[in-house]
Structures are given as C-alpha cells and as structure tokens.
Protein chains: 2
Amino acid sequence: MNFCQACTVRNRAICADLETYEIALLNKIGRRRRLEAGESLMWEGDDAVYVANVVSGVLKLSTQTSDGREQILGLAYPSDFLGRPFGNTSPYNAEALCETVVCVFRRTDFERFALDHSRLEHKLLERTLSELDRTRRWMLLLGRMNAEERLAALLLEIGARSVAAGCGNSADADIDRFELPMSRQQIADILGLTIETVSRQLTKMREDGIIEIRGRRKVTICKRGVLEKLAA
Amino acid sequence: MNFCQACTVRNRAICADLETYEIALLNKIGRRRRLEAGESLMWEGDDAVYVANVVSGVLKLSTQTSDGREQILGLAYPSDFLGRPFGNTSPYNAEALCETVVCVFRRTDFERFALDHSRLEHKLLERTLSELDRTRRWMLLLGRMNAEERLAALLLEIGARSVAAGCGNSADADIDRFELPMSRQQIADILGLTIETVSRQLTKMREDGIIEIRGRRKVTICKRGVLEKLAA
DNA sequence: CGATCAGTTGAATCGGATCAAAACCTGTGG
DNA sequence: CCACAGGTTTTGATCCGATTCAACTGATCG
C-alpha cells in the first residue's frame, strides 16, 4: 500500500521533488505510525534507530540536565523531519503533544537511501541548515530576552507555524487566532521560564488588550504590532 | 598555487576524503584570507556572498536583538565551516577573536561544486547535523543553567575544543591548561550573563581551588571532576 | 608617570523563582 | 442536571540570583 501517494505533506517534506520511482522505493522502507498525546517517539541518548517525517500533529523536542530540569529544544510540525541520520544516538526526546501521525524509517535504511539519492540528501541538508538557523534565533531568546519578550516571540511563532503546517485538526488555524498545542508547563519549558511566570505574563497581555484567551488554549492576537515590537 | 596541499585542516575539514582532482578544483575556486582580531568576515542580514573554512584562529558567531543586546551563538575553531550555503542572507555575524586564517569561497561557486560532488555535500550535511546537536545542547545551558554551571560548561568546552583544533598559536593547548580566546565581555555574551557575574564566578572558582588563573586569560583546570559535575 | 582600558569588588535593586493557596476547568457518576 | 474529584491554572507573598550602577584595582603603553 502506497502511503506517499495520498500524503498530505508530500510536497513540503524532504521527499518533495523525488521522482515517482524514488517515491515508490521510499514508500517501501517507511511506514506510518500514530502517536497519542504524551507518547514518545524517541529518547535522548538512546540508539538512534528511527528517523521520521511529521505528517500531522505536533511534537516537542526536549533535553534535560542530569538533575531533571527540562528544556524544550523546539517543536516539530507537519513536514518537519525528526531524528539523527548519520549519528548513533538520539540527541533529544521527541514526544507528541497531541494526536500525531509520523512516517518512520529505520535510520540505516534511510541513510542508505539518502546516500544513493543525492536529491534527497540535498533536501535534508537544506532542511538541517534552516533548522540550525531557527535554533540559533531561539538562542537569542533564551540568552537575552525577558519573560514578556519570550512569550511574544512564542505566540508569533506558533501562529505562523500553525498556519504554515496545518496543525493537525486545524479548522481554526489562523495566524492571529489559533489553539496552543501545549500546556502552560510546556510553554514554560520551551521558554526557559516557570509556569507561574508564563501565567502572569499571559494575564498581563490579556489585561493590556494585546491578546484574548478563551478557555485555556484558544488565543487571539489583537495587537500584532505590539507583539512584534516586543519580540524583535 | 595550491593551498590545499599544505593545509593544516585538510584532513578534518569538509574537504577531507575528496579525490585529488576534486581538491584541485576546489583549490581553484577558494582563496586564503587573513583576519585581524576584531575583523568581521560576515554580518547578520547581509547577502550571503561567501562561505569559508577556518584554517587557524577562533571566530565568534553572534546575533543581536533590535535594541543591540548581543548573543554569541557559538565559536568557530580550525576545520569548522562558516556561512550559509543555499540561503540568501547570512544568519549571523562572524568576527575573528584573534588573528585568524580562513579559506573562503564565493557561495555560488561552492554550491555549484557541492551539487556536483555529493561526497562534499555529504560531509557538509554531517557537519551541519553535528553543529545542530551542539547548538541544541547550548540551549539547555542558556535556558536552564545558573551562572556557575554555565561557566563550568564553557571552560570544559574551550579546553576540549582548543585541543581538538589546535587553536591558532597553540603551543599551550592542553585540555586542562589553555588560553581563553576572548575577553570577559565576550564570555558574558556567550553565556548570556553580564561581565560582573562572569568575573565573580571566576573569582569564586579560583578561591574554591577549582581553577587557576594567570594573567587575564591563562586558565588551568585543577578539579575537572567538579566542573564536570556542575556542567552536567 | 599619568592615561586608558579591562577586570574586579561592593551595595542596591529587580525580575523571575519558589512556596503556598485559591480559582478554574473538565470529566465522572449519582 | 448537579456535585464533586482530579488536575491545571491563576493569584499572592516572599526570596534569591543576577543585574545594575558605581567605585576601585591593575595591567599596558605612549
């Protein structure tokens, strides 16, 4: 059965631009896997057995200090690539934040395929370079921004990525009106803050009329300009 | 004239493993460039005209917030690759911390070469993946570690990298005995701290007998175990 | 031998963390 | 439909680590 043919991220993931026969080959070595919210795809330090493409949903990538403090390294949205090709151990944990579908490959199968099909390897290189850029921009946030600026940056990023990716069940994915795919605790882990600080900052933004919050997770950005200035 | 033949990083940089004829081609499109301490190779946001290999010396990669706060993204040691292939603008500033020699290529020349020689592209991919791993580990430091832990991590990293790279004029590069290639202010920028905090922590470590400091920049690690525990 | 710049030390301040408690969903069973 | 139990989130009070501001020390150099 050919998953790729009907794949929703077919044109955006690293498999884009492959020839039909290459897709067929790739289809043979990959398989679909469904993850429940909270389920993990890989653990930091484990043997890097699999790599994967996100088809739908959102995952968090995280690492931790020896005494258990967690730091989220980033989020993976549909069409993003997961795992560590050409390495032996996984550099992070990857955990589904909501119901998520991924397309997994044994790392060794994938590597062999990549070495034989340089177009795929090139795509992977471009994606890795972009990811490095994104990660470095995040370092500025963690190293130099205060709590308010961090929240502003995250809200803008989630808005942008939700739209770009069609975040799973995303009837309501709008750049200014979206659902947070994570809890307050997870927001805190992403931003290197505590849950209380996140809560206080969100409340402050609500009081200032910058955002609206319905329920726990539905957010509307009312004053995009203010957020952008904060996050700059 | 063939620089590559005598190149000191020939076996560690991305050009390693190329065939002799490939090296000859690469040699044609590259040229050596010497940078004084403080001189910049590229600026964030500028057109990405060049990419480069570090031959000797150390550079810092940095970015800044719109209001001028700086964050150093990482250090580049001999054999490291600089620049943003397959992208239009440079994602960071790269500035030499001491006298530095790089091997520069026009980005477009380099890209053409890489697309034709998949072995080079593969090396670049592996290097980019490693750099992404390193960058992500740094996020844990910026997001979750206190001042003491950050300094410990940096000292260990500089020791390791100085040895691995032979940091420029490095008669004295030992994993436990090395010269800081940067000022206190630059250390602060790397670690997301202030210069005063860096100074206080170094003094504290000296008083605790964990390190020795001679002059301003010569450091000896006396109790490696303690540092490793702090940085873990 | 001042002048200058990098680094250190001290005191006061502040932002975010921590600890504790109240408020709020959300799902369940009567 | 309501009550209530479980968790999550918000709010409040306090504390602490790092920053800030300021003064001082110590190298380096004309």
Side-chain angles (χ1 to χ4, degrees), chain A residues 36-38 60 64-65 67-72 97-99 141-155 179-208 210-219 230, chain B residues 37-38 60 65 67-72 97-98 140-155 179-208 210-219 230:
Chain A
E36 304 299 323
K60 67 169 188 184
Q64 50 223 53
T65 56
D67 61 340
R69 284 169 287 176
E70 182 178 31
Q71 174 64 49
I72 295 188
L97 292 177
C98 54
E99 197 186 305
L141 176 144
L142 291 174
R144 286 289 182 234
M145 290 187 177
N146 64 26
E148 187 179 33
E149 293 165 336
R150 292 181 196 203
L151 236 335
L154 183 67
L155 290 174
E179 190 156 339
L180 297 173
M182 68 209 90
S183 71
R184 296 289 187 274
Q185 181 59 58
Q186 286 166 335
I187 293 176
D189 290 333
I190 292 176
L191 298 177
L193 299 169
T194 58
I195 184 174
E196 295 94 332
T197 301
V198 170
S199 176
R200 277 186 251 271
Q201 290 299 332
L202 284 177
T203 302
K204 183 165 163 294
M205 284 183 178
R206 189 162 42 75
E207 286 170 348
D208 294 350
I210 297 171
I211 57 171
E212 265 175 31
I213 307 177
R214 274 147 303 113
R216 283 177 167 168
R217 297 192 168 190
K218 290 188 213 309
V219 174
L230 280 171
Chain B
K60 68 170 189 186
T65 55
D67 61 342
R69 283 168 287 177
E70 183 178 31
Q71 175 63 51
I72 295 187
L97 292 176
C98 56
L140 183 61
L141 177 142
L142 292 174
R144 286 289 180 233
M145 290 186 176
N146 65 23
E148 187 179 34
E149 293 165 337
R150 292 183 196 202
L151 236 335
L154 184 66
L155 290 173
E179 189 157 337
L180 297 173
M182 68 207 88
S183 69
R184 297 288 187 275
Q185 181 58 60
Q186 285 165 336
I187 293 177
D189 290 334
I190 291 176
L191 298 177
L193 299 170
T194 58
I195 183 173
E196 295 94 331
T197 302
V198 170
S199 178
R200 277 186 253 269
Q201 290 299 331
L202 284 176
T203 302
K204 181 164 165 294
M205 284 183 178
R206 188 162 42 75
E207 286 170 348
D208 294 350
I210 298 171
I211 58 172
E212 267 175 28
I213 307 177
R214 276 148 302 114
R216 285 177 165 166
R217 295 192 169 190
K218 289 189 216 309
V219 173
L230 280 170

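For A/Glu196 against C/dC19, a side-chain N or O and a base N or O form a donor-acceptor pair under 3.5 Å. The base of D/dG12 lies close enough to the side chain of A/Arg200 for a donor and an acceptor atom to sit less than 3.5 Å apart.
Here A/Ser199 does not reach the OP1 or OP2 of D/dT9: none of its side-chain N or O atoms lies under 4.0 Å away. Within the 4.0 Å cut-off from OP1 or OP2 of C/dT8, at least one side-chain nitrogen or oxygen of B/Arg184 is found. Contact check, B/Ser183 against C/dA6: no side-chain N or O comes under 4.0 Å of OP1 or OP2. Between B/Thr203 and C/dT9 there is a side-chain N or O to OP1 or OP2 distance below 4.0 Å.
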Polar atom pairs between nucleotides 26-28 of chain D and protein, under 3.5 Å, N or O only, would you list them?
from, atom 1, to, atom 2, distance (Å)
D/dG26, N2, B/Arg216, NH2, 3.3

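In this structure, CZ in B/Arg206 is found 12.5 Å from CD in B/Gln201, a value given to the nearest 0.5 Å. Note that CZ of A/Arg200 is 15.0 Å distant from CE of A/Met205, once rounded to the nearest 0.5 Å.
Under a 4.0 Å N-O distance rule, the pair B/Glu179/B/Lys218 qualifies as a salt bridge. Classification of B/Arg69 and A/Glu149 as a salt-bridged pair holds, one side-chain N sitting under 4.0 Å from a carboxylate O. Salt-bridge annotation for A/Lys204 and A/Glu148: present, with a side-chain N of the basic residue lying under 4.0 Å from a carboxylate O of the acidic one.
Here the rule is side chain to side chain contact (heavy atoms under 4.5 Å, CB included) with B/Leu202, and of B/Ile213, B/Thr197, B/Val219, B/Ile210 only B/Ile213 fits it.
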Q. Going through the distances and angles, do A/Asp189 and A/Gln185 end up as a side chain to side chain contact (heavy atoms under 4.5 Å, CB included)?
A. CA-CA 6 Å; A/Asp189 290 333; A/Gln185 181 59 58; 3.3 Å; yes
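Taking atom CD1 of residue B/Ile195 and atom C1' of nucleotide C/dT9, one finds them 13 Å apart after rounding to whole Å. With rounding to whole Å, B/Lys204 atom NZ is found 15 Å from C/dG10 atom P. Rounded to an integer number of Å, the gap from CD of A/Glu207 to P of D/dT10 is 12 Å. What separates CD1 of A/Ile187 from P of D/dT10 is a distance of 9 Å, to the nearest Å. The CE atom of B/Met205 sits 16 Å away from the C1' atom of C/dT8 (whole-angstrom rounding). If you take CD of A/Glu149 and P of C/dG16, they are 9 Å apart, rounded to a whole angstrom. One interatomic measurement links the two molecules: CG of B/Leu180 to C1' of C/dA6, which rounds to 14 Å at whole-angstrom precision. Between the CE atom of B/Met145 and the C1' atom of C/dA17 there is a distance of 18 Å, rounded to whole Å.
Looking at the side chain of B/Thr197, the nearest of the listed nucleotides D/dT9, D/dT19, C/dG16 is D/dT19.
For the pair A/Arg144 and A/Gln185, nearest-nucleotide mapping onto DNA chain D gives the more 5' position to A/Gln185. Two residues, A/Gly215 and B/Leu202, neighbour DNA chain C, and the one matched to the more 5' nucleotide by heavy-atom proximity is B/Leu202.
Checking side-chain atoms of B/Ser199 against main-chain N and O of B/Ile195 turns up no donor-acceptor pair under 3.5 Å.
If you check every strand for non-hydrogen atoms under 4.0 Å, A/Leu193 touches sugar and phosphate atoms only.
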